[in-house]
Each structure stands twice: as C-alpha cells, then as structure tokens.
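Written below as structure tokens is the structure these notes are about.
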2 protein chains.
Amino acid sequence: MNVEKVVHFVRQFVPLEESILESMLPILSQVELKKNEIWQAEGVMGTSMGFINKGIMRLYFTDDGEEFTQEFYAENEFASNFISYVKKQPSKTAIQALEPCELIVMQLDDLQNLYDEVPALDRFGRLYAEQMLIGMYDKMNAILGETPEQRYYKLLDSKPDIFSRVKQYYIAQYLGIRPESLSRIRKRHMESS
Amino acid sequence: MNVEKVVHFVRQFVPLEESILESMLPILSQVELKKNEIWQAEGVMGTSMGFINKGIMRLYFTDDGEEFTQEFYAENEFASNFISYVKKQPSKTAIQALEPCELIVMQLDDLQNLYDEVPALDRFGRLYAEQMLIGMYDKMNAILGETPEQRYYKLLDSKPDIFSRVKQYYIAQYLGIRPESLSRIRKRHMESS
DNA sequence: TGATTTTCTTAACTGAGGTCAATGAAATTA
DNA sequence: TAATTTCATTGACCTCAGTTAAGAAAATCA
C-alpha cells in the first residue's frame with residue numbers, strides 16, 4: 001500500500017513523527033475503483049475519507065431526478081461524505097469515480113478513536129473540518145456573486161485539467177448551468193482568444 | 001443584564017446546570033446598538049459572538065464596491081464573524097444592526113478558555129460550529145439548485161417578518177438579485193394570490 | 001410638519017441562460 | 001472494426017434577470 005502521499009498530505013497540516021505512522025497504518029486500507037463506480041452511495045452513512053492516489057471523483061446529489069455535482073476531487077485530495085458523518089445522518093450525496101481510481105481509505109470512527117492517543121491527528125481532524133467550512137464558504141460566495149461565465153473562467157484557471165478529464169455535463173452541473181450553456185460559453189471563449 | 005434567553009438557547013444544545021451560569025456571567029456583556037450601526041467592521045478580527053435579545057442584524061461583505069448580504073440574524077440567534085475567528089484572519093465581512101439592537105456578547109477567546117472548566121460549553125462550541133457548517137451547506141445547495149424566485153418563496157416561508165423589517169435591497173442582495181428584480185418577483189406574487 | 005433624501009416601483013431594452021430539437025462527434029460494446 | 005449508444009454542439013425561440021432612467025412612495029431630518 002502506497003501511503004507516502006497521504007502522510008505528506010497530513011504533514012501539511014501538522015507535524016507527524018515517523019513513529020505515528022505505525023499507529024496510522026491499521027486504520028488505512030487501499031481501494032481500487034472502476035470508472036463510473038459509486039464509492040459512497042446516497043442514503044448510506046458517511047464513514048470514511050478517501051485519499052486519492054490516482055484518478056478523479058465527483059461528489060453529487062440528486063434532487064427531483066436531476067443531478068448536481070458539488071465538487072471534484074483529484075490526486076492528493078481527500079474525498080468524503082463529511083457532512084453526513086458530522087450530521088450522523090444518511091448521506092444525501094454520493095461519491096463516484098470518474099476514472100479508474102486508487103484510494104487510501106481511512107475510517108472516520110477509527111480516526112476519532114486515535115485522537116486520544118495521537119493529539120496531532122486530533123488537530124488534523126479539526127483543521128480539515130475548518131478547511132472544508134472555509135472552502136464551502138468561498139464557493140457559496142462565488143455562486144452568489146459571480147456569473148456562470150466568471151465561474152467557468154475561475155475553474156479553468158484553478159483546475160484546467162478538469163476539462164479534459166471530466167464529462168462536460170458534470171462540469172455544467174458544477175457551474176449550475178445546462179450543458180448547452182457551457183457549450184456556448186466555451187464557444188465564446190474560443191472566439192475571443 | 002438579561003441573560004435568560006442566552007441560557008435557554010445554549011440549553012437547546014447541551015444541558016446546563018444552574019451552577020454553570022456563574023462561570024459564564026463574567027464572559028458576558030450587554031451591548032446596545034443604534035440603527036445602521038456597524039457592530040463588527042470589515043478588516044477586524046472576529047472575536048465575539050452576539051446573542052440578539054432584540055433587533056435584527058445582517059452579515060455582509062463588499063466586493064468591487066458592491067455589497068452582498070449573506071445572512072440575517074434576529075431575536076434568539078447568535079451573530080458572529082465566526083469564519084474570521086476560525087481562520088484567525090481579519091474578517092472580510094461586517095455585521096450591522098438594521099434596527100436598534102440589544103446584544104449579549106460573548107468573547108470567543110474567553111469561551112475557549114472556559115472549555116477546560118466546563119466541558120458542556122466545549123460541546124456547545126463544537127455543535128454550534130457544526131450547525132454553521134450544515135446551514136452553509138444547505139444554503140449553498142439552495143443557491144445552486146433553485147431560481148431566485150424559489151429562494152424568495154422559501155425566505156417568505158421561513159422568515160416572513162424579514163420583509164417588513166429589512167430594506168428590500170438587502171433582501172435582494174441576500175437572494176443574489178437586483179432590487180428591481182425583487183420588485184418584479186413581488187409583483188408577480190401579488191398578482192397570483 | 002415640511003423639505004429633502006433615500007428607497008421602491010415601473011417601463012423599455014438588452015443579453016445570457018433555459019428549452020427543444022436536430023446533427024455531429026466520441027466513446028462503448030458486440 | 002462496425003454498430004450502437006452516449007455525449008457535445010448548434011440553431012431557433014423563450015424566459016427572466018440586468019441595466020438604465022424616470023417617477024412614486026417612504027423614511028429621515030431640520
């Protein structure tokens with residue numbers, strides 16, 4: 001199991017000594033997903049976080065038969081139904097692999113149990129939660145104050161590879177518009193550059 | 001100082017014995033605000049939570065000379081620049097009284113210091129943070145998946161008194177539209193009922 | 001209260017995204 | 001590889017919010 005990158009990721013938040021690795025290994029497991037496979041289904045409790053070693057995933061929910069993609073997760077990011085875990089309620093969102101994926105999976109309950117032994121992990125948990133809050137906050141402001149076109153350019157700027165790796169209509173869902181509108185925005189963009 | 005309602009509010013989250021009141025009193029203070037007065041300015045660190053005994057407030061930010069109202073807080077709610085406190089960064093948002101207000105103010109640092117002595121308060125802090133996260137999450141989904149008109153009716157349903165207490169253009173900011181558009185939505189609403 | 005400023009409404013126009021339908025391109029599968 | 005399905009693009013048309021400007025209503029203040 002290739003845990004190098006997870007450790008590196010966690011170390012961005014908190015210092016982690018080598019010895020701590022040993023206490024972490026038992027709560028980690030590796031998971032392989034096929035393209036389009038649902039990793040976490042709707043209606044199920046969110047119990048784990050998946051660090052993406054390879055591949056790309058999306059978090060989405062379904063309302064009135066229509067899907068809304070909320071977030072894309074790619075290499076070196078954690079994908080999770082965190083809201084469900086926090087609420088202790090079955091998740092309204094699902095997580096799907098959009099490419100063949102390789103995940104390092106961490107059980108959230110196991111992580112919480114480790115908090116007493118390894119304070120550094122406790123801190124990581126809190127910082128991660130806060131980071132999520134901030135991310136959601138920024139995103140909300142973007143949706144409130146920006147046009148779909150502005151959001152398109154922002155996404156193009158921050159995650160340019162998304163456009164070649166993910167189907168257009170998932171991106172359209174993410175931007176809050178119809179695939180046809182995304183096509184038109186792209187066309188306008190081509191013409192002006 | 002009238003702290004009855006704050007205590008009642010906190011008790012909705014966690015059981016609080018009478019004796020705990022004594023430890024809380026020193027970190028509480030009462031603040032009166034005039035109409036339109038800015039309680040927490042932009043660019044300042046978020047350091048406190050204000051429980052509203054009377055009045056109504058708004059949380060907003062300014063971008064490119066334009067204001068965006070993110071939330072209204074009325075009686076029996078806490079108003080705070082919580083994101084700033086969590087980020088430990090000067091706030092991008094400001095909080096303004098939209099009516100003469102009476103607040104019970106709690107210093108967040110003081111509250112954190114109390115956590116060691118009163119575990120029930122620690123729990124309150126966490127639950128409050130989680131509640132904020134959930135609220136923000138729900139709101140984001142509403143903005144992504146609903147039209148301004150749907151959001152208008154939702155607000156009308158959940159906080160009908162807002163419309164008589166708050167200026168239309170603040171509500172328009174909150175809904176993510178122009179005051180003119182809100183007028184038109186209201187007109188449509190009148191005609192159809 | 002009366003005067004002045006601020007806010008709200010209305011109208012005409014523009015533009016961007018939604019909808020529907022058809023076609024072309026790409027990915028899947030046999 | 002060919003056949004089939006899925007996805008992306010385009011066009012025509014429609015709807016609704018943005019913009020600008022004007023006037024009405026309401027709130028503020030002297």
Side-chain angles (χ1 to χ4, degrees), chain A residues 33-38 55-56 58 60 63-69 72 96-100 142-156 162-193, chain B residues 33-38 55-56 58 60 63-69 72 96-100 142-156 162-193:
Chain A
L33 297 167
K34 289 176 206 151
K35 181 167 182 177
N36 293 326
E37 191 173 344
I38 307 286
I56 192 163
R58 73 174 180 126
Y60 70 97
D63 186 36
D64 220 2
E66 203 168 358
E67 285 183 2
F68 296 88
T69 293
F72 296 108
Q96 180 185 30
L98 301 179
E99 289 175 356
I143 293 170
L144 249 180
E146 295 171 10
T147 65
E149 188 149 6
Q150 288 173 310
R151 277 178 264 141
Y152 166 81
Y153 282 110
K154 206 155 141 185
L155 184 64
L156 196 63
I162 285 272
F163 290 87
S164 56
R165 298 176 71 180
V166 166
K167 289 197 181 100
Q168 302 283 353
Y169 66 78
Y170 291 147
I171 295 174
Q173 285 169 13
Y174 177 87
L175 295 172
I177 57 178
R178 302 266 129 200
E180 296 93 328
S181 298
L182 179 54
S183 268
R184 281 182 292 217
I185 290 174
R186 283 161 59 86
K187 196 181 176 188
R188 262 179 258 150
H189 177 230
M190 294 298 170
E191 284 166 354
S192 70
S193 63
Chain B
L33 298 167
K34 290 178 205 152
K35 180 167 182 175
N36 293 326
E37 191 173 343
I38 306 286
I56 191 163
R58 73 174 180 126
Y60 69 98
D63 185 37
D64 218 1
E66 202 167 357
E67 286 182 1
F68 295 88
T69 293
F72 296 108
Q96 180 185 30
L98 300 179
E99 290 175 356
I143 293 168
L144 248 181
E146 295 171 10
T147 65
E149 191 149 4
Q150 287 173 310
R151 276 178 265 143
Y152 166 80
Y153 281 110
K154 204 155 140 186
L155 183 64
L156 196 63
I162 286 273
F163 289 88
S164 56
R165 299 175 72 180
V166 166
K167 289 194 181 105
Q168 302 283 352
Y169 66 79
Y170 291 148
I171 295 174
Q173 285 169 14
Y174 177 87
L175 295 173
I177 57 178
R178 302 265 127 203
E180 296 92 329
S181 297
L182 178 55
S183 268
R184 281 184 292 216
I185 289 174
R186 282 160 60 85
K187 196 181 176 188
R188 263 179 257 150
H189 177 230
M190 293 298 170
E191 285 165 355
S192 69
S193 64

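Every heavy atom of this structure was used, including side-chain atoms; hydrogens, water molecules and symmetry mates were not. For clarity, every value in this text was computed on a predicted model and none was experimentally measured. Here is the naming used below: chain letters follow the sequence lines, and residue numbers restart at 1 for every chain.
- Scored by the side-chain hydrogen bond (donor to acceptor under 3.5 Å, both in side chains) test, B:Glu67 finds B:Arg58 as partners (sequence neighbours excluded).
- Of all heavy-atom pairs between B:Tyr60 and B:Thr69, the closest is CB-CA, 3.8 Å.
- Nearer to the 5' terminus of DNA chain C, by closest-nucleotide assignment, is the contact made by A:Glu66 (compared with the other of A:Glu66 and A:Lys167).
- B:Gln96 approaches B:Asn36 most closely through the heavy-atom pair NE2-O, 3.1 Å.
- The two residues B:His189 and B:Tyr152 have their closest heavy-atom pair at ND1-OH, 3.6 Å.
- Applying the salt bridge (Lys or Arg N to Asp or Glu O under 4.0 Å) test between A:Glu99 and each of A:Lys35, A:Lys34, A:Arg165 identifies A:Arg165 as the sole match.
- Nearest heavy atoms, B:Pro148 versus B:Ile177: CB-CG2, 3.5 Å.
- Residues B:Lys35 and B:Arg184 both approach DNA chain D. Their nearest nucleotides, taken by heavy-atom distance, put B:Arg184 toward the 5′ side.
- Using a 4.0 Å cutoff to heavy atoms of chain A, the contacted part of DNA chain D runs 5' to 3' from D:dC7 to D:dA12.
- When the ring-ring contact (aromatic ring centres under 6.0 Å, His included) test is applied to A:Tyr169, no partner is found at least two apart in sequence or on another chain.
- Using five terminal pairs a side, the axes of the helix from C:dT1-D:dA30 to C:dA30-D:dT1 at its two ends make an angle of 50°, given in steps of 10 degrees.
- Scanning all heavy atoms of the two residues, the minimum distance from A:Ala172 to A:Leu182 falls at N-CD2, 3.8 Å.
- Listed here is the closest heavy atom pair of A:Phe68 and A:Gln173: C-OE1, 4.0 Å.
- By the salt bridge (Lys or Arg N to Asp or Glu O under 4.0 Å) test, A:Lys167 is found to be paired with no residue, residues two or more places apart in sequence or in another chain being considered.
- Taking 4.0 Å as the cutoff to heavy atoms of chain B, we find the contact window on DNA chain C bounded by C:dT7 to C:dA12.
- With the nearest nucleotide of DNA chain D identified for both B:Thr147 and B:Asn36, B:Thr147 has the one nearer the 5' end.
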